[in-house]
Amino acid sequence: DAGVIQSPRHEVTEMGQEVTLRCKPISGHDYLFWYRQTMMRGLELLIYFNNNVPIDDSGMPEDRFSAKMPNASFSTLKIQPSEPRDSAVYFCASKTGRTYEQYFGPGTRLTVT
Amino acid sequence: DQQVKQNSPSLSVQEGRISILNCDYTNSMFDYFLWYKKYPAEGPTFLISISSIKDKNEDGRFTVFLNKSAKHLSLHIVPSQPGDSAVYFCAASRWGNKLVFGAGTILRVKS
């Protein structure tokens, strides 16, 4: 069975550019989560969706960040404009409503120069 | 505010011995706790969990203990194997959706 799929795995971009990270959750999972991992802040939740609807975006750092889930099998996290302090590993995770356990993708390592 | 704390950044254990990883939390409203394991360049993978109504859950070599009065949980790995070398994250949940993660503990199992 395919797990959570994220693309790209690595992204290097220059400050000011737009960055789009992509995620395909596990089929049948109705919750999707976006996390960011940094040395300073650890693993922190940015936003999560239920049935494609954003439920809690209180972790989104600022207006430069936006996330969408146009359908049950696809989500994007966009940063515009990107800044060097956005450099981090971004994880997507999904789960069903019946469980607590979340299943993570391999992550996207973003470097903003 | 750090609601979930893993105060030991790293732990080194001999193969075959017991590994004990600790986690403390401050929010008494957490009702479910999970442990994740993470290898380099991979996402965290779910390992074991425990509900706040229990004090122990066991799965093979892995056992999680919960002490609610102390707001403390621990993960025991017996016997430890070199393949267990990874970063271990403790996570806590309230109402089932949002997870709050600790900073992680690097476990090294020496052969």
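We name chains A, B, ... by the order of the sequence lines, and we start the count at 1 in each one.
- Hydrophobic clustering keeps A:Leu45 apart from A:Val4 (ILVMFWY residues linked when any side-chain heavy atoms are closer than 4.5 Å, directly or through intermediates).
- Ring geometry for B:Phe101 versus A:Phe104: interplanar angle over 60°, hence perpendicular rather than tilted (30 to 60°).
- In terms of heavy atoms, A:Phe33 sits closest to B:Asn97 at CE2-O, 3.4 Å.
- Residues B:Phe46 and A:Thr99 have side chains not in contact (no heavy-atom distance under 4.5 Å, counting atoms from C-beta outward).
- With a threshold of 4.5 angstrom between heavy atoms, B:Leu99 approaches chain A through its backbone and through its side chain.
- Using a 4.5 Å heavy-atom threshold, the side chains of B:Lys98 and A:Tyr48 count as touching.
- A donor-acceptor contact under 3.5 angstrom links the side chains of B:Tyr32 and A:Glu101, judged on distance only.
- A distance-only check finds a donor-acceptor pair linking the side chain of B:Tyr36 to the backbone of A:Gln102 [under 3.5 Å].
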Kindly list each side-chain donor-acceptor pair under 3.5 angstrom involving residues 102-111 of chain B, sequence neighbours excluded, with atom names and distances?
| from | atom 1 | to | atom 2 | distance (Å) |
| --- | --- | --- | --- | --- |
| B:Thr105 | OG1 | B:Ser8 | O | 2.7 |

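- Grouping the Ile, Leu, Val, Met, Phe, Trp and Tyr side chains by contacts below 4.5 angstrom, directly or via other members, places A:Leu77 with A:Leu110.
- With a threshold of 4.5 angstrom between heavy atoms, A:Asp56 approaches chain B through side-chain atoms but not through N, CA, C or O.
- There is no contact between A:Glu44 and chain B, counting heavy-atom distances below 4.5 Å.
- The contact between A:Ser58 and chain B is made entirely by side chain atoms (from C-beta outward), counting heavy-atom distances below 4.5 Å.
- Annotation for A:Glu14: atom CD does not count as buried by contact number, only 12 or fewer foreign heavy atoms lying within 6.0 Å.
- With a 4.5 Å cut-off on non-hydrogen atoms, A:Leu43 touches chain B through its backbone and its side chain both.
- Only the side chain of A:Arg9 comes within less than 4.5 Å of a heavy atom in chain B; its backbone stays farther off.
- Within a 6.0 Å sphere centred on CZ of A:Arg41, heavy atoms belonging to other residues, nucleotides or ligands number 12 at most.
- Tracing side-chain contacts under 4.5 Å through hydrophobic residues (I, L, V, M, F, W, Y), one never reaches A:Tyr103 starting from B:Leu34; they form parts of separate clusters.
- Residues A:Met69 and A:Tyr35 fall into different hydrophobic clusters, defined by Ile, Leu, Val, Met, Phe, Trp and Tyr side chains chained together at heavy-atom separations under 4.5 Å.
- Residues B:Phe89 and A:Gln37 approach most closely at CZ-NE2, 3.6 Å, considering heavy atoms.
- Taking 4.5 Å as the limit, some side-chain heavy atom of A:Phe91 sits within range of a side-chain heavy atom of B:Pro44.
- Annotation for B:Arg94: atom CZ counts as buried by contact number, over 12 foreign heavy atoms lying within 6.0 Å.
- Atom CG of A:Asn71 is surrounded by more than 12 heavy atoms from other residues, nucleotides or ligands within 6.0 Å.
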